[in-house]
Structures are given as structure tokens and as C-alpha cells.
Amino acid sequence: MFKADDYRLRIKALEDTLGEAKYALDIDNISQQLKTLKEEQEKPEVWQDLERSAKIGREISSIEGKIASYEKGKKALDDASEVVDLIEESGEEELVPELDKMMTTAEKDIEEMRIRALLRGKYDSSNALMSLHAGAGGTEACDWCQMLYRMYCRYAEKSGYKVTEIDRLPGDSAGLKSVDFKVEGENAYGYLKAEIGVHRLVRISPFDANKRRQTSFASVEVMPEVEDDGEIEIKDEDIRIDVYRSSGAGGQKVNKTETAIRITHFPTGIVVTCQNERSQLQNKEMAFKYLRSRLLEKQLEQRMQEEAALKGETKKIEWGSQIRSYVFCPYTLVKDHRTGYEVGDVQAVMDGDIQGFIIDYLKKS
């Protein structure tokens with residue numbers, strides 16, 4: 001028997017959640033901000049400044065996405081209310097499955113909007129710069145580092161993000177000792193900052209002839225990509241720029257000319273490298289972006305505790321420090337030690353299905 005009141009209660013609860021998300025995202029005011037940005041985008045001086053034009057374009061896209069998400073959720077609830085009234089008046093209970101489907105879709109859309117409302121940090125909307133480092137364990141750890149890299153690439157692909165590799169250091173026999181890459185997209189840093197920490201893998205080693213169970217560790221660092229707006233000052237006398245030939249597969253003139261860039265920052269000891277691009281100028285630009293992000297990270301560590309949480313607690317890449325365990329043997333289980341969140345299918349997680357971990361972390365943080 002159809003119970004209209006039960007559906008109305010569910011709709012009322014979703015309307016309350018939608019209203020909270022609307023307030024958190026400041027939907028009423030960002031509509032005016034969107035109008036102002038579009039007017040600015042039409043100015044001739046903006047057309048001539050590609051960097052400024054691209055920045056305004058990203059802001060417009062972000063605001064339009066927030067407004068569209070809210071309107072989509074509101075329309076879904078209005079449609080569901082109309083169907084409830086229709087079923088109650090006409091008695092056509094064959095529409096109930098369709099109503100249930102509408103309610104499920106509305107709940108999913110509104111929950112996604114609520115999660116977006118949580119990403120209100122200063123740098124949450126920025127692109128993310130990620131670094132993966134293999135821990136102790138030789139080839140086994142290097143292979144685990146490469147597996148994590150594949151996982152994040154699959155996650156970015158499913159989320160509509162773009163991944164650009166900046167630098168990599170191959171393992172001696174297999175895998176990667178370290179890899180640096182950029183994830184571009186709306187709220188990329190806001191979501192991926194939940195991955196900061198040490199990741200632990202337990203499995204039967206494919207590199208061990210005796211098939212013994214091995215434990216490997218790898219660390220994940222996540223930083224926001226910051227624009228050169230003067231907030232981070234890099235003095236010429238504080239850095240050294242080295243050029244060298246790129247390694248890897250190469251092609252054309254990549255391995256024949258010195259296109260790779262290494263920048264050393266003397267005051268902090270930070271060293272960044274980039275050899276992904278075919279042009280030395282492009283590699284230099286990317287290396288400076290990475291250096292600014294590393295310096296910003298360093299700067300924030302010295303500020304208030306709230307901003308210092310940008311990087312999170314730094315731990316040794318060893319037992320007891322992990323934020324998440326991926327156990328292939330003896331159990332097929334992945335567990336996040338910060339939230340207690342568990343997933344039964346390890347392969348699904350390795351294929352990039354880590355959204356559950358990220359959302360659960362954001363809710364609890």
C-alpha cells in the first residue's frame with residue numbers, strides 16, 4: 001500500500017539538506033558574482049591576457065556548476081512531490097517504482113552537492129600536485145608505488161580530471177621509486193588532500209620465488225597548485241637552475257637536447273625537477289609552479305594550526321604510520337585507519353574507486 005506521508009517526510013528531509021547546502025555554497029550571492037565575471041570576461045583587455053582570461057573562465061565554470069547542481073536537486077524534489085500527489089489522487093500505484101527511482105537519484109545528487117559544500121578551504125578548488133614515494137622494501141615497495149600511481153590515474157579519469165606527469169624515478173628492477181604528477185579539475189585538491197599519508201599493502205609478493213607474504217609502504221603527498229600572484233616570492237639568488245637531457249622513451253629531439261629542468265632552492269633545500277614536456281621553457285614553467293607549491297606548503301606549516309593541516313601530520317613510511325591498508329592476503333579487504341571505512345573489493349579500489357574513502361574522510365574532518 002502506498003504511503004504518501006512517508007515519501008513526503010523523505011522529501012522534507014532532502015529539502016532541509018538542500019537548503020543547508022544552498023546556504024553553505026552561497027547560491028544567492030554567487031549568481032550576482034557570475035554576472036560580474038561574465039561582464040569582465042567580455043572586456044577587450046581580458047581577451048589579450050590569456051592567463052587572466054583562463055582564470056576567469058575557471059571561476060565562471062565553477063560557479064555555473066554549483067548553481068546547476070542546486071537547480072538540478074531542487075527540480076528533482078519538485079518532480080518527486082508532484083508524482084506523490086499524482087499517485088495519491090489517482091491511485092496509480094504502478095508509478096511507485098518510478099518514484100523510488102526519482103528519490104534515489106535526488107538523494108544521490110543532493111549528497112554530492114552537500115559534499116561539495118564541505119570543500120570551502122582556501123585552496124580546495126585548486127588543481128592538485130601529487131608526489132608518491134616508495135618506502136623501504138626495494139622492488140616490492142617500488143611496485144606498490146606504481147600501483148598507487150595507476151589507482152590515482154584511474155580515479156582522475158573517472159572523475160573527469162586530467163593527469164599530467166611531471167617527473168618520475170624508475171625502480172632498479174620494476175615499479176617506481178617516486179613519481180610527481182598534476183591532477184587538473186574542479187576541487188581536485190579538495191578531494192585528494194584526504195589521501196595524504198602512508199599507504200600499506202599486504203600481499204603474496206610476485207617477486208619472491210618462495211611466495212611469502214610481504215608488507216610494503218608508500219607515502220602520498222598532495223599540494224595545491226598556486227598561481228604566481230606574488231604570495232610566494234622566489235629570489236634569483238636563492239635558486240640554482242640546472243638543465244640536462246631527459247630520460248625515458250624520448251622521441252624526436254627530447255633525449256638529444258637538454259630539455260629537462262632541475263631547480264634547487266637553497267634556503268629550504270627543496271629540489272624540484274620536470275622532464276615531461278618537449279620544451280625546456282615548458283619544463284621550466286612547470287618546475288617553478290611545483291616549487292611555488294612546495295614553498296607554500298612550507299610556509300603554511302609555520303602558520304596557524306588550521307592552515308598547517310594542509311599537509312597533515314608527517315609520518316615515517318613504516319608500520320603503524322599508515323592511513324590505509326590494502327590487504328590482498330589473507331583477506332580481500334581495504335581499510336582506512338582514520339575513519340574505519342572498509343571496502344571488500346580490493347581490485348575495485350585499485351581501479352580508482354576510492355570516492356568512498358575520500359567522502360567519508362571529508363565528513364569526519
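Residue numbers run from 1 in the order of the sequence given.
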Identify every side-chain donor-acceptor pair in residues 95-104 under 3.5 Å, counting partners at least two apart or on other chains, and give the distances.
unit_1 : atom_1 : unit_2 : atom_2 : d
Asp100 : OD1    : Tyr7   : OH     : 2.5
Thr104 : OG1    : Asp100 : O      : 2.9

Enumerate donor-acceptor pairs with a distance under 3.5 Å from any side-chain N or O in residues 138-146 to protein atoms, sequence neighbours excluded.
unit_1 : atom_1 : unit_2 : atom_2 : d
Glu140 : OE1    : Ser205 : OG     : 2.6
Glu140 : OE2    : Arg203 : NE     : 2.7
Glu140 : OE2    : Arg203 : NH2    : 3.1
Asp143 : OD2    : Arg203 : NH1    : 3.3
Asp143 : OD2    : Arg203 : NH2    : 2.5
Trp144 : NE1    : His199 : O      : 3.0

Next item on the list: Verify side-chain contact (heavy atoms from CB on, under 4.5 Å) between Arg262 and Val271, making sure each step is shown before the conclusion.
Entry: CA-CA 7 Å; Arg262 180 189 299 111; Val271 179; 3.7 Å; yes
Note to self: Between Tyr326 and Ser216, does the side-chain hydrogen bond (donor to acceptor under 3.5 Å, both in side chains) criterion hold? Intermediate values first, please.
What the structure shows: CA-CA 10 Å; Tyr326 307 72; Ser216 306; over 6 Å; no
Next item on the list: Evaluate side-chain contact (heavy atoms from CB on, under 4.5 Å) for Leu34 paired with Ile60, printing each intermediate quantity in order.
Entry: CA-CA 6 Å; Leu34 177 63; Ile60 290 175; 3.7 Å; yes
Next item on the list: Please test Ile11 against Val84 for side-chain contact (heavy atoms from CB on, under 4.5 Å), starting from the C-alpha separation and ending with a verdict.
Entry: CA-CA 10 Å; Ile11 292 173; Val84 171; 4.2 Å; yes
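Within a 6.0 Å radius of NZ in Lys158, more than 12 heavy atoms belonging to other residues, nucleotides or ligands are found.
Using a 4.0 Å cut-off between charged side-chain N and carboxylate O, Arg8 and Glu88 make a salt bridge. Glu165 and Lys182 are not joined by a salt bridge, as no carboxylate oxygen comes within less than 4.0 angstrom of a charged side-chain nitrogen. A salt bridge links Asp79 and Lys75; the closest N-O separation between the charged side-chain nitrogens and carboxylate oxygens is under 4.0 Å.
If you take CD1 on Ile27 and CD on Glu71, they are separated by 8.5 Å, rounding to the nearest 0.5 Å. Here the CE atom belonging to Met130 is positioned 8.5 Å from the CG atom belonging to Leu148, to the nearest 0.5 angstrom. In this structure, CD in Gln33 is found 4.0 Å from CD1 in Ile63, a value given to the nearest 0.5 Å. Atom CG of Leu119 is separated from atom OG of Ser125 by 9.5 Å, given to the nearest 0.5 angstrom. Separation of atoms CZ (Arg10) and CG (Leu77) is listed at 11.0 Å; rounding is to 0.5 Å. Rounded to the nearest 0.5 angstrom, Thr17 OG1 and Ile110 CD1 are separated by 7.0 Å.
Phe266 is not connected to Phe288 by any chain of hydrophobic side-chain contacts under 4.5 Å among Ile, Leu, Val, Met, Phe, Trp and Tyr, and they are in different clusters. When hydrophobic clusters are built by joining Ile, Leu, Val, Met, Phe, Trp and Tyr residues whose side-chain heavy atoms come closer than 4.5 Å, directly or via intermediates, Ile234 is grouped together with Ile270. There is no path of hydrophobic side-chain contacts, each under 4.5 Å, that joins Ile263 to Leu169. Met286 and Ile241 end up in the same hydrophobic cluster when Ile, Leu, Val, Met, Phe, Trp and Tyr side chains are linked at under 4.5 Å. Leu18 and Leu9 are assigned to two separate hydrophobic clusters, defined by single-linkage of ILVMFWY side chains at heavy-atom distances under 4.5 Å.
In this structure, a donor-acceptor pair under 3.5 Å is present between the side chains of Ser131 and Tyr290. With no hydrogens or angles considered, no side-chain donor-acceptor pair links Tyr189 and Glu225 at under 3.5 Å.
A search for side-chain hydrogen bond (donor to acceptor under 3.5 Å, both in side chains) contacts involving Arg114 returns Glu111, not counting sequence neighbours. With sequence neighbours excluded, no residue forms a salt bridge (Lys or Arg N to Asp or Glu O under 4.0 Å) with Asp26. For Tyr70, the ring-ring contact (aromatic ring centres under 6.0 Å, His included) test picks out no residue, with sequence neighbours left out. Shown here are the salt bridge (Lys or Arg N to Asp or Glu O under 4.0 Å) partners of Lys74, two or more places apart in sequence or in another chain: Asp78. In terms of the side-chain hydrogen bond (donor to acceptor under 3.5 Å, both in side chains) criterion, residue partners of Thr273 (sequence neighbours excluded) are, by chain and number, Asp167. By the salt bridge (Lys or Arg N to Asp or Glu O under 4.0 Å) test, Glu64 is found to be paired with Lys38, residues two or more places apart in sequence or in another chain being considered. Listed by chain and number, the residues in a salt bridge (Lys or Arg N to Asp or Glu O under 4.0 Å) with Asp109 are Lys72 (sequence neighbours excluded). Applying the side-chain hydrogen bond (donor to acceptor under 3.5 Å, both in side chains) test to Glu157 and every residue at least two apart in sequence or in another chain returns Arg154. Scanning for side-chain hydrogen bond (donor to acceptor under 3.5 Å, both in side chains) contacts around Ser62 gives Glu186, with sequence neighbours left out.
Under the 4.5 Å side-chain criterion, counting only non-hydrogen atoms from C-beta, Lys193 is in contact with Asp124. The closest side-chain heavy-atom distance from Val183 to Asn127 is not below 4.5 Å. Side-chain contact between Ile204 and Arg212 is absent, with no heavy atoms from C-beta onward closer than 4.5 Å. Residues Met147 and Arg150 form no side-chain contact, since every pair of their non-hydrogen atoms from C-beta on lies 4.5 Å or further apart. At a threshold of 4.5 Å between non-hydrogen side-chain atoms, the residues Leu132 and Glu221 do not count as touching. Put simply, the side chain of Leu129 reaches to within 4.5 Å of the side chain of Ile166, judged on heavy atoms. Counting heavy atoms from C-beta on, the side chains of Asp353 and Tyr155 never come closer than 4.5 Å. Within the 4.5 Å cutoff, side-chain heavy atoms of Tyr191 are placed close to those of Tyr161.
Scanning both residues, His133 and Ser178, for their nearest heavy atoms gives ND1-CB, 3.5 Å. Lys284 and Ile261 get closest at one heavy-atom pair: N-CG1, 3.8 Å. Shortest non-hydrogen contact noted between Ala128 and Val222 is CB-CG1, 4.1 Å. Residues Glu195 and Ile358 share a closest heavy-atom pair of OE2-CG1, 3.7 Å. Nearest approach of Val163 to Cys153, heavy atoms of both residues: CG1-SG, 4.1 Å. What you find for Arg200 and Ser325 is that their closest heavy atoms are NH1-OG, 2.9 Å.
With hydrogens and angles ignored, the 3.5 Å screen pairs no side-chain donor or acceptor of Ser159 with any backbone N or O of Ala156. Proximity of a side-chain donor or acceptor of Ser293 to a complementary backbone N or O of Pro224 within less than 3.5 Å is detected.
Residue pairs meeting the ring-ring contact (aromatic ring centres under 6.0 Å, His included) criterion with at least one member in residues 75-121: none, sequence neighbours excluded.
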